[in-house]
Amino acid sequence: MDDRHDEVHGELARVVREHAGRLTACLVRVLGDFAAAEDVVADAVETALRRWPEDGIPDHPDAWLLTVARRRGIDTLRRQAAYRDKLAALRWPPQPDPDDRLKLIFTCCHPALPREAQIALTLRTVCGLTTAQIAAAFVTGEANIAQRITRAKRKITDAGIPYRIPPDDELPERLDQVLSVIYLLFNEGYLSSGGDRPHAATLAGDAEWLAAQLAWLMPRQPEVLGLLALIRLHQARAAARFTAEGALVLLRDQDRTRWDRPAIAQAVTLLERAAAARRPGPYQLQAAIVACHAEAEAWEDTDWPQIAVLYDMLLGLAPSPIHRLHRAIAVRYARGPATALAALDELTPPERRALERYPLYHATRAELLRGLGDAEGAHAADRRALELATNPAQQALLQDRLGRPLV
Amino acid sequence: MKFVLLFMETEEFARELEAMNEAERQAAFERVGQWFAEHAAEITHHAHLRPAETATTMRLTGGEAIVTDGPFVEGKEVVSGYAEIEVADLDQALAIARSWPACPLVEIRPID
């Protein structure tokens, strides 16, 4: 694929993303059937991706998509007279109702659906990705993704999963599900981009877009703003994460002049808006931690004591072995390697078992041991990290470290 | 929409019940009774099953009926009862199941 082709496709994907979710949401309302609406929009999206590269993007992409969806829908729903008549009566522009898209998001991320299906369904119905695009991003077969989506849609209908915004007493829990789907999507894209998965980077962009839509739809939810700020703080520094050859660059070694300072400042403003609600949550705290890094002019300026405090707060709200590991890293710079190693020694057995499989745990221990003059222990820990690392960029970095002389 | 809530007991729950004194057990039963009373409008039918050791399983394969002692799966979790409810959607079924005060496992299944 050449660059020009990629560019056209990127532009098409962005236009589709802006309109497909709204159209699906509107059709679910009109037809009263999630699966049927999803089908006709997915079909219209496939048609658009075939036609637009040749005919050009229409002036009103939403009107174009609606026309095709309506026409194709009337054909495919031939036997279902009720749907067909409703579709035929539909005119552009359809009544926009922002609540409809929220319903769509909450239905796709319903906890009765398996997590992988939530992700695939959200990408297809809310972001307008085709099955082929999702399969490419996750390096899996198209048939696999298609089956996941078909099963999920069947379950929505058969198990009676409602199409609505959850009531207030269920909202925090359900919103949490939605936020974790978006965050997982972001991580999948962010962590695997630059490796052998050129499509993964677009997932990070889709996740940012989803978070932005959600923030627009639910501006009073501080955790939604927190997640958006977190994603944007990462995205603002993405350019400095890899060398031209695709090798991973550690935070300490990154060229901070390549960070997008205005974008960082905007994300921090967003985070301050979230914090004004005085309802701290895991995403706001993680964003605050990333902001400490992003706002430092140089590695040496990083406010490590503040980061350690934020990790303590995060652990209070969302205990997790990974956060404990990251806290230990902050403690290392705030109070030295001995204190940090002691913090790692305080892990509970289940936490340690979880981290033993995690390359960063061993790489961190290696750093701490090296800081304390234990070159051999450090070397062994680095070797263990390399055995566990799956990301090619991470592997290259560890290999480089292992290749250096022990002293 | 009709759903069945399948209540499942676990070994741990059975032990907890065993460890209760008479007053505690009475209170636990009362909580269950209260739950049924609160959801009387949605519950169309319900039953408590006798213990798993009273179950008999028949396997009908190859034209042969093989009768064995015990429930169809030998596991740590056994179905101990069910309630049929009539509600609008899965979320309402989940809301009712959420307030269930007894055994720790409930399967929610729509019925035709």
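Fair warning: this is a prediction, and the values are worked out from it, not measured in the lab. By convention in this document, chain letters (A, B, ...) are assigned in the order of the sequence lines, proteins followed by strands, and residues within each chain are numbered from 1.
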To the nearest 0.5 Å, tell me how far [X] [atom1] sits from [Y] [atom2].
{"X": "Arg164(A)", "Y": "Asp91(B)", "atom1": "CZ", "atom2": "CG", "result": "4.5 Å"}
{"X": "His110(A)", "Y": "Leu90(B)", "atom1": "NE2", "atom2": "CG", "result": "5.0 Å"}
{"X": "Met1(B)", "Y": "Asp158(A)", "atom1": "CE", "atom2": "CG", "result": "7.5 Å"}

(request) Give, as side chain, backbone, both or neither, the part of Leu94(B) having an atom under 4.5 angstrom from any heavy atom of chain A. (result) side chain
(message) Can you tell me which portion of Arg98(B) sits under 4.5 Å from chain A's heavy atoms? Options are side chain, backbone, both or neither.
(response) side chain
Under 6.0 Å from the [atom1] atom of [X], do we count more than 12 heavy atoms belonging to anything else shown?
{"X": "Glu116(A)", "atom1": "CD", "value": "no"}
{"X": "Arg59(B)", "atom1": "CZ", "value": "no"}
{"X": "Arg352(A)", "atom1": "CZ", "value": "yes"}
{"X": "Phe36(B)", "atom1": "CZ", "value": "yes"}

(message) Please classify the contact between Asp169(A) and chain B as side chain, backbone, both or neither, with a heavy-atom cut-off of under 4.5 Å.
(response) neither
(message) Please find the pair of heavy atoms, one from Ala159(A) and one from Pro110(B), that lie closest to each other, and give the distance.
(response) CA-CG, 3.7 Å
